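Encoded as structure tokens, the structure appears first; notes follow it.
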Amino acid sequence: MSCYILGIETSCDETAASVVADGHKILSNCISSQIDIHQEFGGVVPELASRHHLEAINPMVELALSKAGLDFDQLDAVAVTYGPGLIGSLLIGIATATAISFTKHIPLIGINHLEGHLYAPHLEHPDIEYPAVGLIVSGGHTELIYITAHDRYELLGQTRDDAAGEAFDKVAKVMGLPYPGGPIINKLAGEGNPKAIPLPRWTIFKNGHPFDFSFSGLKTAVIYHLRKEPRTDPKDMAASFQQAAVSVLVKHAIKAARFKEVNTIILAGGVAANTALRESLTLEAEAREMKVYFPSPILCTDNAAMIAGFAYHKYIKSEFASLDLNAVANLRLKVTTQASSNR
Ligand code: KG4
Ligand code: ZN
């Protein structure tokens, strides 16, 4: 008998619901994006996000169930993102999941959004083996992690300032491109010359944090360049910025895998949809006989399949949340050990 879990994700600007069977069979994956609403403001407006979630959540849940060919009574559990994210947005998902759990007498499972992202590649590759090095690159996070089991992590490195996706979005903004900038920069970069504009691309942090990232210097370099040369071809600017950002991400991921002596790298989060990052990491890893796993683009950006999928592993361990589950805006990954190295 299959185990059907309904997943709900409302941490930022996507209202998403999905039904996943046994942790990897995606029966439905429904996403209502708010990009149109936030685009005119150049970024996510939290108050507008919550209002849209409120309108979209019930239709998304109904759609996810009907596409899966199931009704509420056939669900084994309901899972929901409880952080990190925008507090008002998270609360809409939590209230919905809590109500379903209570009325249908099924367990409630609270999921950390970052664990959801890290789990996304497993939906299509259930055979991924640990230990592995994971790189989460999203709008709010840039984290390099050593993973020994589905829920055992060691933090190797993180951003000191902007997240990778945030850097893409901010650079796009200074270039006059609409939000979210990542996919547009990716597209423009494909037609530009990545060597056209020299940009800083390598930051070494001493003091035992060799895997940390910093993107604000790169962003500032783009701003200064555009001030000096306002007629720069946007394609060349996008290509040069993208290559600088990607090369740092790839170098750190490979270096971390070698340091931990693992042959598996997992790439996750919205920026994992970036074609240059996917290609470059695959190339560099294959040259060292390492294997890279990343999700299909639709599973890189925020979705509820990753939430329902990861929830299965909590379900089989009976790790359930109580009905007073609350939103935690700055929820972090529960790391087991802190990395320390001077390499
Ligand atoms: O994971 P996600 O959907 O939301 C967060 O949890 O933050 O990630 C969204 C981020 C945005 O910054 C967006 O610009 C970036 O992912 N992104 C991309 C691409 N697609 C989305 N960045 C670079 N290249 C892409 N193709
Ligand atoms: Zn996300």
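Everything quoted here is computed from the prediction, not taken from an experiment. Every number for a ligand or one of its atoms is a count from 1 in the order of the listing.
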Would you check if there is a donor-acceptor pair between the side chains of His52 and Ser32 at a distance under 3.5 Å? yes
Can you tell me the protein heavy atom closest to atom 3 (O) of ligand 1 and the distance? Asp302 N, 3.0 Å
Any nitrogen or oxygen of Phe168, main chain or side chain, under 3.5 Å from a nitrogen or oxygen of ligand 1? no
At the 4.0 Å heavy-atom cut-off, does Pro183 count as touching ligand 1? yes
Within 4.0 Å of some non-hydrogen atom of His113, the atoms of ligand 1 are 6 (O)
Report the nearest protein non-hydrogen atom to atom 7 (O) of ligand 1: residue, atom name, distance rounded to 0.1 Å. Gly139 N, 2.8 Å
Heavy-atom proximity to atom 21 (C) of ligand 1 ranks first, among Ala245, Gly270, Gly182, for Gly270
Evaluating non-hydrogen atoms only, which member of Glu9, Lys170, His117 is closest to atom 1 (O) of ligand 1? His117
Would you check if there is a donor-acceptor pair between the side chains of Glu14 and Thr301 at a distance under 3.5 Å? no
Gly140 heavy atoms, cut-off 4.0 Å: which ligand 1 atoms fall inside? 7 (O)
Which residue and non-hydrogen atom of the protein lie closest to atom 24 (N) of ligand 1, and at what distance in Å? Asn274 ND2, 3.0 Å
May I ask you to say whether Glu55 pairs ionically with Arg51, meaning some side-chain N is under 4.0 Å from a carboxylate O? no
State yes or no: do Ile145 and Leu331 share one hydrophobic cluster built from I, L, V, M, F, W and Y residues joined by side-chain heavy-atom distances below 4.5 Å, directly or via other members? no
Only one of His24, His150, His313, His117 passes ring pair (Phe, Tyr, Trp, His ring centres under 6.0 Å) with His122; say which it is. His150
Decide whether a cation-pi geometry holds between Lys255 and Phe259; the criteria are a distance under 6.0 Å from NZ or CZ to the six-membered ring centre and an angle within 45° of the ring axis. no
Note: ligand 1 atoms sitting under 4.0 Å from heavy atoms of Gly165 are 12 (O)
Report the atom name of the nearest N/O/S atom of His117 relative to the Zn ion (ligand 2). NE2
min-distance N/O/S atom, Asp302 vs the Zn ion (ligand 2), resolves to OD1
Regarding Lys219 and Asp161, does a basic nitrogen lie under 4.0 Å from an acidic carboxylate oxygen? no
Strictly under 2.8 Å, is the Zn ion (ligand 2) approached by any N, O or S atom of Cys12? no
Among protein heavy atoms, which sits nearest to atom 26 (N) of ligand 1, and what does the distance come to when rounded to 0.1 Å? Asn186 OD1, 2.9 Å
Would you please test Phe168 and Phe241 for ring pair (Phe, Tyr, Trp, His ring centres under 6.0 Å) and show each step? CA-CA 8 Å; Phe168 272 85; Phe241 160 74; 5.0 Å; yes
Among side-chain atoms of Ser18 and Asn303, is any donor-acceptor pair under 3.5 angstrom? no
Write out the residue and atom name of the closest protein heavy atom to atom 13 (C) of ligand 1, then the distance separating them to 0.1 Å. Asp169 OD1, 3.8 Å
Flag yes if Ile94 and Ile109 sit in one hydrophobic cluster, no otherwise; membership is Ile, Leu, Val, Met, Phe, Trp, Tyr, and two members link when side-chain heavy atoms are under 4.5 Å apart. no
